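The structure appears below as structure tokens.
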Amino acid sequence: MSDEQNLFGRQLPLASGPANSNSRPAIVTIGQRRQCQRCHQWLLPTDQLPNRAWYCRQCLQLGRLTSQNKLYTIPEPNRFVRMKGPILTWPGKLSPTQGAAATAILDLARQRRNQLLWAVTGAGKTEIVYPALAWALAQNWRVAWVSPRVDVCLELAPRLQQAFGHVPQTLLHGKQKAPYQYCQLTLCTTHQLLRFHAAFDWIIVDEVDAFPLATSPLLKTAIATAQKPTGSHLYLTATPGEQLQRQVRQKKVAVTYLPLRYHGVLLPQISVCLIWRWRERLAKGRLDPKLIRQLQNYQQRGQRFLLFVPHVIDLKPVAQALQQAGIVGGLTVHATDNDRAAKVQAMRDRTIPFLITTTILERGVTFPNIAVIVLGGDDPVFSTAALVQIAGRAGRHRDFPTGAVTVYCHSQSRRVRLAQRMIAQLNRQGKRLGGRQQ
Amino acid sequence: MTHCLLCHQELHPQMTLAQFWRWQPLPVPVVCPRCEQQFERITTMHCPQCGRQQTSLAVCHDCERWGDVPLRNHAVYTYNEAMKAYMQQYKFQGDYALRQVMMEPLKQALAQQDYDVLVPIPVNQETWQTRGFNQVTGWLLNQPFQQALLVTADHKDQPQSAKTRQQRLLTQQPFSLAPNAATVLKDRRILLLDDVYTTGRTLRHAAAQIYLGGAKAVTSLTLAR
Ligand SMILES: [Zn+2]
Ligand SMILES: [Zn+2]
Ligand SMILES: [Zn+2]
């Protein structure tokens, strides 16, 4: 790849750039304040180095930018290699409800409207986007498919590779070692968008409500900067946050609803089980007998399950308490677990009977025929959206469209009630589309 | 609301009654208790030469191999995963704000050392330009120090971790004395300050130069071992 291609639609700190590149200072002073031009966050008056240079702390993970740096770019020319075959090579077929949603999305994309696909967990939202994506690629658009969660990107990469077999694609994330490739279709984490400038005609933001995008002004700016001024974006989620729902009501974002799963069976509802002072009990190395009985029952029946716990520090005591009760063979996993990918794969390959996990597996991962249990569902880490997503891990597969979701809490929680209400509401709408009861 | 410098969670400083009665400004916490606990303080059970944490007070195997080039080093923390991650972000990513994390612990450690003059290990000119700071002096609050050493060879061009032990041990003397060194060092007890004690090669080179400058005694303190 040429140095030029490396700079198409990007913004990189270089010592010098090719003749046709533009450059601008990485940090600019506006009035009394300084602003980083990569992430557009303001520097603090304390962010100065002893050598007098200023530096941005907000986008440090991508390599430090100082006031000594310049950002180089070449305006995006959409200069892609010719494809040697059909664009869409996906062998699947959309259901009539999925097809209707797909057409709606394509129409809005054609009008370059910013839009939201609000589809329940397990609706098959990825495939619903395929027709619009195929159209966009045929228009020679440069497209990014991004997610705040690296797991989502990793799971998506092989699927997109298969569905768009002749389209050159690149995957970017923080731990990626492979060098950057200029491609028409870029799959990356939202953080990586900070390296782009007016590059994309269309950006698909998968799991838009997921942490950290939902709370980060920096990442919202990243999407705005990476998108061309003439470009637009599509948000995908099962659980839009309050802010996004407001934008929908104010008609700032067009919306397509899909309240029914692709297999036509309604969402599993959450059942709540109160276990008083489970934390104190766990500190003594034990878990509630109700929970133990349920899990023993699962293990005897060969029912595989995901057990969600609130915090990383809960993983070990819970695993030990289960072992005491003879529930063995599973693994624990969390966000910074080095073996995370391998453990998730083991669960997918059915080589282990269960995973004990933090909210990191709340979305983006699919295991067929899984039961879901949440311990401490009243802990604030389990937002309403997180609970709906977690419940959505169950009953996703066509052959196993039902599944149990049990949430164990110390006390009744508003977030759990709201999650139940959201599922009930989606199921009412799903029923109207012909959805079947579990 | 302030946030933990390391994990960005909100900080909820809790004042103890003892602090309340002390009538002095409280040290403002910059990291949360959970992050702080990740750093392991070295207890009195350490190697008398290099300061590493162990279960006895005997000279450790590594120090024995140095033979008759003794050094008296103290280290504040064990070089564990948390410290490695901290150094990675502070020193190699260049997040200067993280100096604050170690200011208070280092201040306390310095207060326990017996010395007349504090000499931090310098960084070379190129590092100063690209990194923008000396990671060691970054930790100093307002403790006086003397820049009595200069770097002549690029002893820290590649990270120590990128070299093999053999390469590290063989490196040439990278330091020379600053022009004013003799007046600063003569008959004084010097405390060298460095970030991480890995093989002890850097500190031994520095100590040798300090002795040449006329110092009476040389000891050292590192943040980690
Ligand atoms: Zn920045
Ligand atoms: Zn913290
Ligand atoms: Zn030793």
Side-chain angles (χ1 to χ4, degrees), chain A residues 13-15 26-27 34 36 38-39 41-70 174-175 191 194 211-219 310-316 334-339 358-359 379-381, chain B residues 1-10 12 28 30-38 80-82 84-101 103 120-142 145 147 151 195:
Chain A
L14 300 175
I27 312 273
R34 284 160 196 86
C36 172
R38 180 164 67 187
C39 70
Q41 304 302 298
W42 295 99
L43 273 59
L44 294 175
T46 47
D47 294 340
Q48 193 178 20
L49 301 169
N51 74 351
R52 316 288 305 150
W54 293 83
Y55 82 106
C56 176
R57 289 201 72 220
Q58 307 298 322
C59 58
L60 202 73
Q61 292 152 305
L62 298 175
R64 190 181 69 176
L65 282 189
T66 75
S67 47
Q68 294 167 332
N69 292 120
K70 277 180 168 174
K175 294 203 174 93
H191 264 105
L194 288 169
F211 179 83
L213 177 63
T215 51
S216 166
L218 175 147
L219 293 179
H311 304 287
V312 177
I313 48 164
D314 301 323
L315 290 169
K316 210 168 148 194
H334 58 91
T336 53
D337 193 329
N338 287 327
D339 305 322
T358 56
T359 55
D379 190 289
V381 300
Chain B
M1 198 70 235
T2 55
H3 295 257
C4 171
L5 273 173
L6 297 175
C7 72
H8 311 293
Q9 279 181 26
E10 278 185 13
H12 307 280
V28 183
V30 291
V31 292
C32 72
R34 200 177 282 185
C35 286
E36 200 177 335
Q37 280 165 16
Q38 304 291 309
N80 62 4
E81 278 305 311
K84 196 173 158 189
Y86 168 78
M87 292 304 295
Q88 173 62 32
Q89 194 181 340
Y90 173 53
K91 187 171 154 182
F92 295 113
Q93 278 199 333
D95 193 359
Y96 186 57
L98 292 198
R99 72 193 186 281
Q100 298 168 66
V101 175
M103 277 179 168
I121 298 296
V123 296
N124 68 34
Q125 199 53 36
E126 201 193 323
T127 304
W128 171 259
Q129 270 316 317
T130 52
R131 187 179 298 156
F133 59 94
N134 174 336
Q135 70 276 9
V136 177
T137 53
W139 290 319
L140 297 174
L141 210 45
N142 32 37
F145 64 89
Q147 208 59 275
V151 198
D195 47 16

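Because the structure is predicted, anything quoted here is derived from the model rather than measured. Lettering of chains follows the sequences in order, A, B, ..., and the numbering in each one begins at 1.
Taking all atoms of both residues into account, the shortest heavy-atom contact from B:Gly132 to A:Pro50 is O-CD, 3.2 Å. When all heavy atoms of B:Gln129 and A:Asn51 are compared, the closest pair comes out as O-ND2, 3.2 Å. Scanning both residues, A:Gln61 and B:Gln93, for their nearest heavy atoms gives CA-NE2, 3.9 Å.
Options A:Leu60, A:Thr46, A:Leu44 differ in how many heavy-atom pairs under 4.5 Å they form with chain B, and the most are formed by A:Leu60.
A heavy-atom distance below 4.5 Å is found between the side chains of B:Leu98 and A:Arg57.
Only the side chain of A:Ile313 comes within less than 4.5 Å of a heavy atom of chain B; its backbone N, CA, C and O stay farther away. At a 4.5 Å heavy-atom cutoff, the contact between A:Gln68 and chain B is made by side-chain atoms alone.
At a threshold of 4.0 Å, the pair B:Asp95-A:Arg64 does not count as salt-bridged, since none of the basic side-chain nitrogens sits closer than that to a carboxylate oxygen.
Between the side chain of A:Tyr55 and the backbone N or O of B:Tyr96 there is at least one donor-acceptor pair closer than 3.5 Å.
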